[in-house]
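Bear in mind the structure is a predicted one, so any value in this text is a computation, not a measurement. Both counts, for ligands and for their atoms, begin at 1 and track the order of listing.
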Amino acid sequence: MDENPNNELREKVAPIRGMKDLYGVDFRKYQFIIDVATRIANKFGYQLIETPIVEQTAVFQRSLGDESDVVSKEMYSFVDKGGEDITLRPEGTAGVMRAISSNKLLVNNNNPLKLMYYGPMFRYDRPQKGRYRQFHQIGFEHIGEKSPYTDVVNIALAMDIFKNIGLCGVVVHINTLGGAVSREKYAKALVEYLNKYEQQLSAVSKCRLKKNPLRILDSKEPTDIDICTNAPKIQDFLTPDDKKYFDTVLELLKLWSIDYEVDPKLVRGLDYYTHTTFEFKIPNGSYQDALGGGGRYDGLLKLFGGNDISGVGFALGAERIMMLLNEKILPPLGRKVAVIPVSENEFADVFELMATLLDEQVPTELILTGSNLKKRVEIATKRGCSHLIVIGDDEKKQCNVALTEIDNPKLRNILLSKNKLISFLKEECNF
Ligand code: HAM
C-alpha cells in the first residue's frame with residue numbers, strides 16, 4: 001500500500017495536455033494585447049461583455065453546425081450533476097448571441113450593438129505549436145448593420161489593433177460565401193465536381209459531400225486539398241447583388257489601404273457565416289496560421305429567438321499573436337520602491353514606512369529576506385524595484401532614510417528626513 005497518499009497527486013502536477021499556465025512575460029504579453037484591443041475597440045464604439053464559460057451544448061451545436069470540426073470532434077461536452085448537457089465554450093460568438101437574446105439587448109432596436117469580449121476558449125484539438133486545447137480569444141461582434149462598409153470597418157478595427165500591438169505586414173485573406181441563393185447554386189456545382197473524385201476523398205469529406213459540401217473546402221487532409229485546388233469558385237456563382245456587395249468590400253479595403261488577398265477557398269470552420277469571410281495572416285511569419293478570423297453572419301441571432309438581424313465579427317487568437325510579439329514592445333514595468341532594513345532591529349520601522357508609502361499610492365515592496373543588506377539589495381533589484389529606501393541604526397536614530405534610484409548615479413544614498421520623503425518621491429522621482 002502507498003504509505004504517502006500525496007504521491008499520487010505529485011504525479012499529477014502537470015497541467016492537462018494542450019493547456020498551460022499563463023505567467024511572467026507571457027502574462028504581460030496577454031495583458032498588453034487585451035489593453036490595446038480594449039482601447040482601440042473603445043475608439044470604435046464597442047462595449048465589453050462577459051458571458052459564462054459554459055453554455056448548454058445546444059447553443060454551440062445548432063449555431064456552429066453539426067458538420068463543423070469544432071462540433072463534431074472538438075467540444076468539451078459533459079453532463080453536469082443536474083443532468084444538463086453543457087459545453088466549455090469553443091468560441092465566443094454563439095454565447096454572445098445567446099446573451100443578446102436572453103437579456104433582450106436589442107429589444108428597443110438600439111442597434112447597432114457593438115460588443116467586445118475576451119477570455120479562454122476550449123477545443124479538444126490535436127495540440128501543436130500555436131494550437132492548444134485551452135486558448136484565449138479577443139472577440140468583437142457588430143450586430144444590426146448589414147453593409148459592406150460595416151464589414152470593412154470591422155477589418156479596419158482588427159488592423160488598427162495589429163498596428164498598435166506593433167505587428168506589421170498582416171494581410172487580410174478574404175472571400176465571400178454570398179447569400180442563400182448564391183450558396184445553393186455554388187453547392188450544386190461543387191458537388192458535381194467533387195462527385196468525380198468521391199473515391200479519393202477522405203472519409204469525413206465523403207460524408208460531408210452529402211450533408212455540407214462547402215465544408216470540404218476547409219479540409220486539412222492533403223488529398224482533399226489537392227482535389228479542391230481546381231474546384232469551381234464561388235465568385236462565379238454569385239447573384240448580381242452578392243457580387244456587388246463583395247466588389248464593394250474589396251473597393252473599400254483599397255480605399256482604407258488595407259492589404260488583402262482574395263482566397264476563394266476561405267469558407268471558415270464554422271457554419272454560421274454568410275457573405276464576407278476573412279482571416280488575418282502574416283506571410284513569411286514565424287508561424288503561418290491565422291492570427292484571427294471572422295465574417296458576416298445572417299440569421300444567427302434569429303436562431304436564438306432574437307430579431308432577424310445580421311451581424312459581423314471576428315476573434316483574434318491571443319497565443320498566436322503572443323508568439324510573434326517581442327518582449328521589448330511591452331510597456332516597462334511600473335516603478336516601485338523597496339523598503340529595506342539593515343538588520344532585524346529596523347523591521348518594524350520599514351514595515352511602518354511601507355504602510356505610509358502605500359497609503360500615498362507609492363508602489364512598495366518590503367524586502368526582509370536575504371541574510372544581509374547586500375543580499376536584500378540584490379533581491380530588490382531582481383524584483384524590478386527602481387528605488388531603494390534603506391533604514392539602519394544611524395538613519396533610525398536621526399529619523400532619516402537613505403534613498404537610492406538604481407539607474408540614476410546622481411541619486412545614491414541620499415539622506416532624507418521621513419517627513420520630506422513623500423514629497424521628494426512625488427516631486428523629484430515622479431511617483
Ligand atoms: P476561429 O477562426 O475559429 O473563429 O477562431 C479565431 C482565432 O482563434 C483563430 O484565427 C486562431 O488565431 C485562434 N484559435 C482558434 N483555435 C485555436 C487553438 N486551438 N489554439 C490557439 N488558437 C486558436 C471563431 O472562433 C469565431 N467565433 C470568430 C468570429 C467572431 N466570427 C464572427 N465573430
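A heavy-atom separation below 4.0 Å is found between Gly292 and ligand 1. Distances from ligand 1 to the non-hydrogen atoms of Arg133 include no value under 4.0 Å. Within the structure, the closest approach of Gly139 to ligand 1 does not fall below 4.0 Å when heavy atoms are considered.
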*Output, in order, the C-alpha distance, side-chain angles, deciding distance and verdict of side chain to side chain donor-acceptor pair (under 3.5 Å) for Tyr117 and Thr51.*
CA-CA 8 Å; Tyr117 51 90; Thr51 62; over 6 Å; no
*Can Arg123 and Tyr76 be said to form a side chain to side chain contact (heavy atoms under 4.5 Å, CB included), step by step?*
CA-CA 7 Å; Arg123 295 185 189 177; Tyr76 277 90; 5.9 Å; no
*Would Arg296 and Ser310 satisfy side chain to side chain donor-acceptor pair (under 3.5 Å), going step by step from the backbone distance to the final call?*
CA-CA 7 Å; Arg296 177 158 290 283; Ser310 179; 2.6 Å; yes
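Listed by number with element, the atoms of ligand 1 under 4.0 Å from a non-hydrogen atom of Gly294 are 31 (N). In summary, the atoms of ligand 1 found under 4.0 Å from a heavy atom of Gly293, numbered by their order in the structure, are 10 (O), 28 (C), 29 (C).
Side-chain contact between Leu266 and Ile174: absent, with no pair of heavy atoms (C-beta onward) separated by less than 4.5 Å.
Only the side chain of Leu270 comes within 4.0 Å of ligand 1, counting heavy atoms alone; its backbone N, CA, C and O stay farther away. At a heavy-atom distance under 4.0 Å, only side-chain atoms of Glu141, from C-beta outward, approach ligand 1. Proximity of Glu279 to ligand 1, defined as any heavy-atom pair under 4.0 Å, is not found for any part of the residue. The proximity of Arg131 to ligand 1, defined as any non-hydrogen pair under 4.0 Å, involves the side chain as well as the backbone. At a heavy-atom cutoff of 4.0 Å, ligand 1 is contacted by no atom of Met121, backbone or side chain.
Scanning the protein for heavy atoms near atom 12 (O) of ligand 1, the closest one is Ala290 O, 3.0 Å. The protein heavy-atom contact nearest to atom 4 (O) of ligand 1 is Arg268 NH2, 3.0 Å. Scanning the protein for heavy atoms near atom 13 (C) of ligand 1, the closest one is Gly317 CA, 3.6 Å. For atom 31 (N) of ligand 1, the closest heavy atom belonging to the protein is Tyr273 OH, 2.6 Å. The protein atom (non-hydrogen) at minimum distance from atom 21 (C) of ligand 1 is Gly130 O, 3.3 Å.
Among Gln137, Glu91, Gln134, Arg320, the residue whose heavy atom lies nearest to atom 7 (C) of ligand 1 is Gln137. In this structure, of Phe314, Phe280, Tyr272, the residue bringing a heavy atom nearest to atom 26 (C) of ligand 1 is Tyr272. Closest to atom 22 (N) of ligand 1 by heavy atom, among Phe135, Tyr132, Tyr297, Tyr124, is Phe135.
Using modelled atom types, one finds no donor on one side chain facing an acceptor on the other under 3.5 Å when comparing Glu319 with Tyr30.
Between Leu303 and the options Arg62, Arg98, Met97, a side-chain contact (heavy atoms from CB on, under 4.5 Å) holds for only Arg62.
No salt bridge links Lys410 with Glu428; every basic N to acidic carboxylate O contact stays at or beyond 4.0 Å. We find that Lys233 and Asp263 are not joined by a salt bridge, their nearest charged nitrogen and carboxylate oxygen being 4.0 Å or further apart.
The structure places CD of Glu378 at 8.0 Å from CG of Asn372, a figure rounded to the nearest 0.5 Å.
Heavy atoms only, all atoms of each residue included: Tyr297 and His142 are closest at OH-N, 4.3 Å.
In terms of N/O distances under 3.5 Å, ligand 1 is not approached by Ala315.
When ring centroids are compared, Phe431 and His387 come within the 6.0 Å threshold. For an aromatic pair to be called close, the ring centres must be under 6.0 Å apart, and Tyr118 with His136 fails this.
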